[in-house]
Amino acid sequence: MRTCAFLLASLAVLPSCGKVAEEKAAVSPSAVTVQFHEVTQESGIGFRHVNGAFGKKYLPETMGSGAAFLDYDGDGDLDIFLVQATYWAGHRGKGRPTQALYRNDGRGRFTDVSAQAGVDLEFYGQGVAAADYDNDGDPDLYVTAVGPNRLFRNEGNGTFTEVAREAGVADENWGTSAAWFDYDRDGWLDLFVCNYVQWSPENDLWCTLDGVDKSYCTPESYQGTTSRLFRNRGNGTFEDVTRRAGLYNPNGKALGITLWDFNEDGWLDLVVAQDTQPNLYYHSNGNGTFTEQGVTAGVAFDENGKARAGMGIDVADYQNDGAASILIGNFSNEMTSLYRSDGSEYFTDYAVNSRIGPASLLYLTFGCFFFDYDLDGYQDIFSVNGHIENDIEKVQKNVTYAQAALVFHNARDGIFRHATDLGPDLQRPIVGRGAAYGDYDGDGDLDVLVTENHGPAHLYRNDGGSRRHWLRVRLRGNPARKNNRDGIGARIVVQAGGVRQVRVVRSGSSYCSQSELVQTFGLDRATRVEELKVVWPSGKTSLFSGIDANRVVTVHEDQGLL
């Protein structure tokens, strides 16, 4: 997140990048009309984020926060968790802002169950990651904060118990994004926590854009700190293995984390988006340790060798050719990054060639992800945007504080078309931060959940995507066979209609948020899946054929296709 000197130095924007003519993209032979409608209020979601700002411009005020889709009560419907911040000491406002959990009634209506579920705690929250860390059959919640973080253990009866300190994961740093994954493949989910900078009200610095008024400081003004890896012992407690795993980095300023097995060796690799520091690419050595290769992999810097202000992050095989690509949201005047691999662990930034770079130039992107919103079998891009300075237009006339979301439609030839025809709701400017996707209404297409800094949450329902065919896949692993219950780390391959699609079941990604773990495959016109393959974290393979479209299937490691 760059302000102050960075902003003053970047007032001029190349004229050729300010406006770029839209390229006419290839249209699917079975084109459908998709509209995203905001249904937040009618769905019963009344959440509003509180950042506690009272004029001091404390750095955390502009950074939050995240959201998650999860089925906390196991009824088959996606519920919603929204991360809340709070007021600063001595500057209370109205009410008692707490973390919020909304239960889905299965008909698209939500009820606030925060108090009865036991998550209504007040602290300065930032991000969330959901997964079944104790393998007892229900998802737990890890919530990062301006220290300490919290771990909500799901008791299986609709309630949670906060156990971070006794579990050993109450990191006292400023946590941002987090991700659950089984780094040592012992069947128990471990936890990676992104940490930002060393900040407190006592060491808050004075920065300015105009030489008169205080602004939010750049993170370059503060000392960084290492992110953390906590190993799950399998008994409800964790040990800090950051140094032992080769992940210790005292200069880190991490905001986003994503997972992928880039060389398909069965071990998940990590990519970390950093703010004004080089992005990090941690290659798993297959023995519980990692080697950082961001520079040699080509993802650390921009094309000029400069570190950007990375926020949200995601990864996908968006061309369905076996080559994964890394998406990173950056500061305004930096463009969104799209690092495409050559089929190995080496990447080139295709942001300009793909057309998303010029279109995103003036946007400050936080949450971002790949998803197939029209179910044509090719993953598209969503990003939520918003500046960190409410008076940014004083120094940059062409950059605004509130910004519209961006959706880029995959044209299948390496080009993304800026989709401006998805309805007026996504075009309304907000100060966007977290973003997640999930099929909350059970119609097969993917809906979007967005948070706004010091503003309401936004639930956008996808109307029209499910007119194409689809398959949704849920995994259930057997911990006794060293596969975590959620199947995180498993590779799912679907062959249908001449298209081969790959997904990796992952926690984390985007910014401080988590999308659902069920994997959605758009099938376009195909009415049957020719082959469904699951490669489990243990290395076991499950193979199925002849599956009818338009259904949710559960693949159980032992019982097969349910």
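- The backbone N or O of Arg308 sits nowhere less than 3.5 Å from a side-chain atom of Asn330 that would complete a donor-acceptor pair.
- Between Phe262 and Tyr281, a ring centre-to-centre spacing shorter than 6.0 Å is recorded.
- Between Tyr102 and Phe47 there is a side-chain heavy-atom pair separated by less than 4.5 Å.
- The two residues Ser114 and Ala100 make their nearest non-hydrogen contact at OG-CA, 3.2 Å.
- Contact detail for Val499 and Tyr378: the closest heavy-atom pair is CG2-OH, 4.1 Å.
- Within the 4.5 Å cutoff, the side chain of Pro60 has heavy atoms near those of the Tyr124 side chain.
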Exercise for the section: Output, in order, the C-alpha distance, side-chain angles, deciding distance and verdict of side-chain contact (heavy atoms from CB on, under 4.5 Å) for Ile388 and Phe331. Expected result: CA-CA 10 Å; Ile388 54 98; Phe331 208 82; 4.2 Å; yes

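- Of the possible donor and acceptor atoms, none in the side chain of Arg525 sits under 3.5 Å from a partner among the backbone N and O of Asp376.
- Relative orientation of the Phe416 and Tyr318 rings is tilted, given thresholds of 30° and 60° on the angle between their planes.
- Of the inter-residue distances, the one linking Gln379 atom CD with Asn410 atom CG reads 8.5 Å to the nearest 0.5 angstrom.
- Summarising the local packing, CZ of Phe301 is surrounded by more than 12 heavy atoms from other residues, nucleotides or ligands at distances under 6.0 Å.
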Exercise for the section: Evaluate the side-chain contact (heavy atoms from CB on, under 4.5 Å) criterion for residues Asp213 and Lys394: first the C-alpha distance (whole Å), next the side-chain angles of each, then the deciding distance (0.1 Å), finally the verdict. Expected result: CA-CA 11 Å; Asp213 301 307; Lys394 288 182 179 180; 4.0 Å; yes

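- What you find for Ser215 and Glu389 is that their closest heavy atoms are CB-OE2, 3.0 Å.
- Here the closest non-hydrogen pair linking Ala178 and Ala129 is O-CB, 3.5 Å.
- Ion pairing of Arg340 with Asp321 is present here, as a side-chain N (NZ or NE/NH1/NH2) and a carboxylate O approach within less than 4.0 Å.
- Between Val384 and Thr365 there is no side-chain heavy-atom pair separated by less than 4.5 Å.
- Applying the 6.0 Å contact sphere to OH of Tyr401 captures more than 12 heavy atoms from other residues, nucleotides or ligands.
- Looking only at distances, a side-chain donor or acceptor of Asp425 sits under 3.5 Å from a matching main-chain atom of Glu38.
- Counting only distance, with no hydrogens or angles, the side chain of Gln403 and the backbone of Asn385 share no donor-acceptor pair below 3.5 Å.
- Residues Asn453 and Met63 approach most closely at OD1-N, 4.1 Å, considering heavy atoms.
- Under a 3.5 Å cut-off, the side chain of Asp317 and the backbone N or O of Gly322 do form a donor-acceptor pair.
- Between the side chain of Thr258 and the backbone N or O of Ser509, no donor-acceptor pair lies under 3.5 Å.
- The pair Arg500-Glu530 does not meet the salt-bridge criterion, since no charged nitrogen lies less than 4.0 angstrom from a carboxylate oxygen.
- Side chain of Tyr363 to main chain of Ser383: no donor-acceptor pair is present (N/O by atom type, distance under 3.5 Å, no hydrogens or angles).
- Two rings, from Tyr440 and Phe110, have their centers less than 6.0 Å apart.
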Exercise for the section: Please report the C-alpha distance between His469 and Leu375 in whole Å, then the side-chain angles of each, then the deciding distance to 0.1 Å, and finally whether the side-chain contact (heavy atoms from CB on, under 4.5 Å) criterion is met. Expected result: CA-CA 7 Å; His469 299 300; Leu375 301 177; over 6 Å; no

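- Judged purely by atom type and a 3.5 angstrom limit, Asp349 has no side-chain atom pairing as donor or acceptor with the backbone of Asp302.
- Between Arg506 and Asp314 there is a salt bridge, with a side-chain nitrogen of the basic residue lying less than 4.0 Å from a carboxylate oxygen of the acidic one.
- Taking CG of Asp441 as the start and OG of Ser43 as the end, the distance is 9.0 Å to the nearest 0.5 Å.
- Ring pair His387/Phe366: centre-to-centre distance not below 6.0 Å.
- The six-membered or imidazole ring of Tyr373 lies away from that of Tyr460, with a centre-to-centre distance of 6.0 Å or more.
- One finds a salt bridge joining Glu516 and Arg472 here, because a Lys/Arg side-chain nitrogen approaches an Asp/Glu carboxylate oxygen to under 4.0 Å.
- Between Phe192 and Tyr282, the ring-plane angle classifies as tilted under the 30° and 60° cut-offs.
- Distance CZ/Arg48 to CG/Leu82: 13.5 Å, rounded to 0.5 Å.
- A donor-acceptor contact shorter than 3.5 Å is absent between the side chain of Arg428 and the backbone of Ala405.
- Checking Asp372, Asp445, Asp374 one by one against Arg468, the salt bridge (Lys or Arg N to Asp or Glu O under 4.0 Å) holds for a single residue, Asp374.
- Trp260 places no side-chain N or O within 3.5 Å of a backbone atom of Ala316 that could act as its donor or acceptor partner.
- Residues Thr176 and Ala254 approach most closely at OG1-O, 2.9 Å, considering heavy atoms.
- Side-chain contact between Val39 and Ile45 is absent, with no heavy-atom pair separated by less than 4.5 Å.
- Using a 4.5 Å heavy-atom threshold, the side chains of Asn462 and Val448 count as separate.
- Here the side chains of Val529 and Leu523 are in contact, with some heavy-atom distance below 4.5 Å.
- Annotation: side chain of Val352 is not in contact with side chain of Tyr350 (no heavy-atom distance under 4.5 Å).
- Taking the centre and axis of the six-membered ring of Phe521, the NZ or CZ atom of Arg503 falls inside the cone set by 45° and 6.0 Å.
- Counting heavy atoms from C-beta on, the side chains of Gln514 and Leu517 come closer than 4.5 Å.
- Centroid-to-centroid, the aromatic rings of Tyr437 and Phe369 come within less than 6.0 Å.
- Between Leu422 atom CG and His409 atom NE2 the span is 9.0 Å, to the nearest 0.5 Å.
- Using a 4.0 Å cut-off between a side-chain N of Lys or Arg and a carboxylate O of Asp or Glu, Asp75 and Arg103 qualify as a salt bridge.
- One distance of note links CD1 of Ile356 with OG1 of Thr336; it measures 5.5 Å at 0.5 Å rounding.
- Summarising the geometry, atom OG belonging to Ser332 is positioned 6.0 Å from atom CD1 belonging to Ile392; distances are rounded to the nearest 0.5 Å.
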Exercise for the section: Decide yes or no on side-chain contact (heavy atoms from CB on, under 4.5 Å) for Met311 and Leu364, but give the supporting numbers first. Expected result: CA-CA 9 Å; Met311 280 77 163; Leu364 199 166; 3.6 Å; yes

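- A salt bridge does not link Glu452 to Arg433: none of the charged nitrogens lies less than 4.0 Å from a carboxylate oxygen.
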